[in-house]
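Written out below as structure tokens is the structure these notes cover.
Note that the structure is predicted; figures quoted are calculated from it, not measured. We name chains A, B, ... by the order of the sequence lines, and we start the count at 1 in each one.
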Amino acid sequence: MSRRGARVSPAWVRRRLLAWYDTNARRFVWRRRRASPWLVLVSEFLLRKTGARKVDPIVRELIRLAPSPEALLRVPSRRIGSLIHPLGLQNMRARALRQIAGTLVAEHGGRVPRDAEALAALPHVGRYMVNSVLTVGFGEPRPIVDANVMRLLHRVHGVREVVEIHRADNLWDLAGRHLPKGDVESAKRLNWALVDFGALVCTARAPRCPICPLRERCPAARGRRTVSGRRSSVPTQLPLSMRKNDPKHRSGGGR
DNA sequence: AAAGCGGGGGA
DNA sequence: TCCCCAGCTTT
């Protein structure tokens with residue numbers, strides 16, 4: 001048993017994850033350098049509750065059909081719906097996309113605003129999407145916290161610490177402390193690394209601890225090691241208090 | 001803070 | 001079947 005108080009530093013996690021990402025990155029349209037804020041916004045919206053592998057080809061088609069918010073408004077909803085049908089939720093999503101595009105046209109000249117508050121005011125856009133669009137679409141690094149990132153932080157930093165951090169409303173700050181400073185591309189890669197890692201290695205069920213580059217310092221993996229051969233499990237369920245993102249954006253602090 | 005939404009897919 | 005998902009909105 002290692003010392004209780006020993007904490008895994010964000011810097012160490014960052015190094016390991018970036019190294020892991022070098023050879024395990026997934027490639028998607030919205031990760032290309034020339035991806036426009038509109039493409040990023042549309043992608044993030046479709047990615048909600050939906051596997052990235054499926055979203056990728058559909059985003060390509062959708063963007064070809066609707067390369068801008070104005071263009072999207074000219075496409076019949078039914079057409080949008082049938083295009084995104086393979087992703088599910090097609091009616092709700094077609095409607096929501098139209099609302100988003102309509103707001104962009106009506107209030108922002110048909111362009112995606114480079115502003116956190118303006119983005120957050122868009123319908124169906126919350127903190128995760130705001131930060132992702134700013135980071136990827138505009139090159140302004142912000143932390144992202146989704147179910148994957150929450151789970152990873154929860155495991156690698158330990159339940160108690162994350163709960164305390166959450167109670168202090170600092171979960172986003174903790175994610176932010178993993179971001180490399182001064183280099184936008186590295187920040188993007190780290191955010192993507194967190195998400196890919198959560199999707200491919202630190203999965204909700206049956207996490208792949210044996211191949212995990214964080215296992216030597218991960219309390220959850222340590223608890224899972226067995227002497228007797230009985231598999232104890234890595235916690236899959238997040239504490240109730242962590243199941244949802246904080247709806248409110250805390251100003252100040254940050255860094 | 002908690003429920004509702006909304007449906008697909010993996011284990 | 002059950003449980004989770006690259007969340008957000010509403011109560």
_Test side chain to side chain donor-acceptor pair (under 3.5 Å) applied to A:D56 - qualifying residues, sequence neighbours left out_ = A:R60
*Please list, chain by chain and in numerical order, all residues satisfying side chain to side chain donor-acceptor pair (under 3.5 Å) with A:S132, sequence neighbours excluded.*
A:E44
Expressed in angstrom and rounded to an integer, what is the separation of [X] atom [atom1] from [N] atom [atom2]?
{"X": "A:N148", "N": "C:dC5", "atom1": "CG", "atom2": "P", "result": "6 Å"}
{"X": "A:R93", "N": "C:dG7", "atom1": "CZ", "atom2": "C1'", "result": "11 Å"}
{"X": "A:M92", "N": "C:dG7", "atom1": "CE", "atom2": "P", "result": "12 Å"}
{"X": "A:R26", "N": "C:dA6", "atom1": "CZ", "atom2": "P", "result": "8 Å"}
{"X": "A:R151", "N": "C:dC4", "atom1": "CZ", "atom2": "C1'", "result": "8 Å"}
{"X": "A:N91", "N": "B:dG7", "atom1": "CG", "atom2": "P", "result": "8 Å"}
{"X": "A:Y21", "N": "C:dA6", "atom1": "OH", "atom2": "C1'", "result": "12 Å"}
{"X": "A:K49", "N": "C:dC4", "atom1": "NZ", "atom2": "P", "result": "11 Å"}

_Pairs flagged by ring-ring contact (aromatic ring centres under 6.0 Å, His included) wherever residues 185-210 of chain A is involved - sequence neighbours left out_ = A:W20-A:F197
*Sequence neighbours excluded, every pair satisfying ring-ring contact (aromatic ring centres under 6.0 Å, His included) that has a member inside residues 36-83 of chain A*: none
*asked:* Suppose we screen for salt bridge (charged side-chain N to carboxylate O under 4.0 Å, His left out). Which residues come up paired with A:E140, at least two apart in sequence or across chains?
replied: A:R114
*Quick one: are A:T103 and A:P123 in side-chain contact, heavy atoms under 4.5 Å?*
yes
*Which ones in residues 35-48 of chain A lie close to DNA chain C, meaning a heavy atom under 4.0 Å from one of its atoms?*
A:E44, A:L47, A:R48
Among [options], find the nucleotide with the atom closest to the side chain of [X].
{"X": "A:M129", "options": "C:dC8, B:dG7, C:dA6", "value": "C:dC8"}
{"X": "A:H124", "options": "C:dG7, C:dA6, C:dT9", "value": "C:dT9"}
{"X": "A:W30", "options": "C:dA6, C:dC8, B:dG7", "value": "C:dA6"}

Do any side-chain atoms of residues 88-97 of chain A form donor-acceptor pairs under 3.5 angstrom with protein atoms, and if so which ones, sequence neighbours left out?
residue : atom : partner : partner atom : Å
A:Q90   : NE2  : A:H85   : O            : 3.4
A:R93   : NE   : A:G88   : O            : 3.3
A:R93   : NH1  : A:L46   : O            : 2.9
A:R93   : NH1  : A:R48   : O            : 3.4
A:R93   : NH1  : A:T50   : OG1          : 3.1
A:R93   : NH2  : A:T50   : OG1          : 3.0
A:R93   : NH2  : A:L87   : O            : 3.0
A:R93   : NH2  : A:G88   : O            : 3.2

*Closer to the 5' end of DNA chain C via nearest nucleotide, is it A:W192 or A:A120?*
A:W192
*With the threshold set at 4.0 Å, does a side-chain nitrogen-carboxylate oxygen contact exist between A:D146 and A:R151?*
no
_Counterpart residues, ring-ring contact (aromatic ring centres under 6.0 Å, His included), relative to A:F28 (two or more places apart)_ = A:W30
At under 4.0 Å between heavy atoms, what does [X] touch on the DNA or RNA strands: base, sugar-phosphate, or nothing?
{"X": "A:V149", "answer": "nothing"}
{"X": "A:R31", "answer": "base"}
{"X": "A:L122", "answer": "sugar-phosphate"}

Distances under 3.5 Å between protein N/O atoms and the N/O atoms of nucleotides 8-11 of chain B, please, pair by pair.
residue : atom : partner : partner atom : Å
B:dG8   : O3'  : A:K54   : NZ           : 3.3
B:dG9   : OP1  : A:K54   : NZ           : 2.5
B:dG10  : N2   : A:R205  : NH2          : 3.1

*Taking it one step at a time, do A:L72 and A:I100 satisfy side chain to side chain contact (heavy atoms under 4.5 Å, CB included)?*
CA-CA 10 Å; A:L72 189 139; A:I100 293 172; over 6 Å; no
*Atom P, compared across C:dA6 and B:dC5: separation rounded to whole Å*: 22 Å
*asked:* For Watson-Crick and G-U wobble pairs within 3.5 Å on both distances, what is DNA chain B written in dot-bracket notation, | included for inter-strand pairing?
replied: |||||.|||||
*By the rule that ILVMFWY residues connect when side-chain heavy atoms come within less than 4.5 angstrom, directly or transitively, which residues belong alongside A:L73?*
A:V105
*asked:* Tell me which pairs pass side-chain hydrogen bond (donor to acceptor under 3.5 Å, both in side chains) where either residue lies in residues 63-74 of chain A, with sequence neighbours left out.
replied: A:S68-A:E70
